[in-house]
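Numbers for residues simply follow the sequence, beginning at 1. Owing to the predicted nature of the structure, the values given are computational and were not obtained by experimental measurement.
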Amino acid sequence: MAKKSTTKESVGQDIGASDASTAAFTAALRAGEGFDLASLDPRSTPGFDGDKAAGEATQAGMGERLAELQERLYAESRGGGTRSVLLIIQGMDTSGKGGIMRHVVGSFDPQGVEITSFKAPSDEEKKHPFLWRIRNALPSPGDIGVFDRSHYEDVLIVRVHDLVPRSQWSRRYAQINDFEATVVASGTTVIKVMLHISSGEQKARLAERLERPDKHWKYNPGDLDERSHWADYQLAYQDAVEKCSTEVAPWFVVPADRKWYARLAVTHLVLEHLEALDPQWPRADFDVEAEKKRLALMP
């Protein structure tokens, strides 16, 4: 069965048509025309004017609503619905991707979540076009798929380290846009998040990992090698966001120096998009009243 067509543009219109306050983060974090990564303060808190305590309290109160909407999306698919959600998380090392997995994705029922962490492609994956492994990991109807890194590595690390010729990776922006448009048209709402951390904050987080024995497992000497390419990565992210923030699949750039804010922002983004989807409980495919009578007659 073909998936129901649902575009991000229509989702955005639905959000805007509802209470504007419920779409504060969608509006504040969307990378639009003229977006400039270098001018975005990684310690800022767009869409929220409270402090850390207020932010954590706000997020704690959102879990029940997130869980309900996820269950409705999952249940909708059991009644024939074909919609799903794909949350893509990108960011430099130490930007907080793991915290998003624990504090945001952890709010969901594992039954309806598919998490994929993309590492360097395997020998088998290298035999196929770069989007092949991405297609194989797309969420099933009713599920929330989560990509820890994604196809954007093929215009980020691949570009920074010259793993393929420029003529090859430069074509991928258009290929990605076409691919995402197809994914959205098939019924998947795509939420692309870049966690924007400053060089100074990254250095502090790496230093903490070195100072604390309980953090040594998270430290990788290769992180410093990647850090030496900081400026190149910033340019690569700028181009990825600028060229691939489309009407149907926009980028949301989240300042990530404050961990509590990044987690709150991503939670809100997911909630706002689920609210816009407004999944419905499926109608019973049996006679409810007749079943009540049958049950009442039983000992």
- Decide side-chain contact (heavy atoms from CB on, under 4.5 Å) for Val85 and Thr188; before the verdict, give the C-alpha distance in whole Å, the side-chain angles of both, and the deciding distance to 0.1 Å. CA-CA 5 Å; Val85 172; Thr188 299; 5.8 Å; no
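- Checked by atom type, the side-chain pair Glu114/Ser140 shows a donor-acceptor distance below 3.5 Å.
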- Task: Check the pair Gln234, Asp232 against side chain to side chain donor-acceptor pair (under 3.5 Å), reporting the backbone distance first and the verdict last.
- Result: CA-CA 5 Å; Gln234 298 309 296; Asp232 292 333; over 6 Å; no
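- Counting non-hydrogen atoms of neighbouring residues, nucleotides and ligands closer than 6.0 angstrom, the CG atom of Asp36 exceeds 12 such neighbours.
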- Query: For Arg43 and Asp41, what are the C-alpha separation, side-chain angles and deciding distance, and is it a salt bridge (Lys or Arg N to Asp or Glu O under 4.0 Å)?
  - Reply: CA-CA 5 Å; Arg43 287 191 62 80; Asp41 181 1; over 6 Å; no
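- Under the 6.0 Å cut-off for aromatic ring centres, His268 and Phe252 do not qualify, their centroids lying 6.0 Å or more apart.
- Atom CD of Glu64 is surrounded by 12 or fewer heavy atoms from other residues, nucleotides or ligands within 6.0 Å.
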- Message: For a side chain to side chain donor-acceptor pair (under 3.5 Å) check, start with the C-alpha distance between Ser150 and Gln90, then their side-chain angles and the critical distance, and finish with the verdict.
- Response: CA-CA 7 Å; Ser150 67; Gln90 287 282 159; 2.7 Å; yes
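- Few gaps surround CD on Glu153; more than 12 heavy atoms of other groups in view lie less than 6.0 Å from it.
- Glu272 places a side-chain N or O within 3.5 Å of a backbone atom of Phe25 that can act as its donor or acceptor partner.
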- Message: Determine whether Thr246 and Asn177 satisfy the following criterion, side chain to side chain donor-acceptor pair (under 3.5 Å), listing intermediate values before the conclusion.
- Response: CA-CA 7 Å; Thr246 63; Asn177 288 342; 5.1 Å; no
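- Nearest heavy atom pair, residue Val105 against residue Met101, reads CB-O, 3.4 Å.
- In summary, of the residues considered (Glu71, Arg83, Gln70, Glu68), a side-chain contact (heavy atoms from CB on, under 4.5 Å) with Pro279 occurs for Arg83 alone.
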- Message: Please evaluate residues Lys97 and Ser95 with respect to the criterion side-chain contact (heavy atoms from CB on, under 4.5 Å), reporting the C-alpha separation (whole Å), side-chain torsions for both, the decisive distance (0.1 Å), and the verdict.
- Response: CA-CA 6 Å; Lys97 295 183 292 294; Ser95 60; 3.7 Å; yes
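- For the residue pair His273 and Thr26, the shortest heavy atom distance occurs at CE1-OG1, 3.7 Å.
- For the 3.5 Å distance criterion, the side chains of Tyr152 and Lys192 qualify, holding a donor opposite an acceptor.
- Defined by atom type and a distance below 3.5 Å, a donor-acceptor pair is missing between the side-chain atoms of His151 and Gln175.
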- ring pair (Phe, Tyr, Trp, His ring centres under 6.0 Å) evaluation trace for Tyr261 with Phe48: CA-CA 8 Å; Tyr261 170 77; Phe48 189 75; 7.2 Å; no
- Would you please test Arg133 and Glu124 for salt bridge (Lys or Arg N to Asp or Glu O under 4.0 Å) and show each step? CA-CA 10 Å; Arg133 63 176 182 164; Glu124 174 62 25; over 6 Å; no
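- Ring geometry for Tyr233 against His161 counts as perpendicular: the plane angle is over 60°, on a 0 to 90° scale with 30° as the lower cut.
- Residues Asp143 and Ser84 bring no donor and acceptor atom of their side chains to less than 3.5 Å of each other.
- Using a 3.5 Å distance cut-off with no hydrogens or angles, the side chains of Arg227 and Gln202 do pair a donor with an acceptor.
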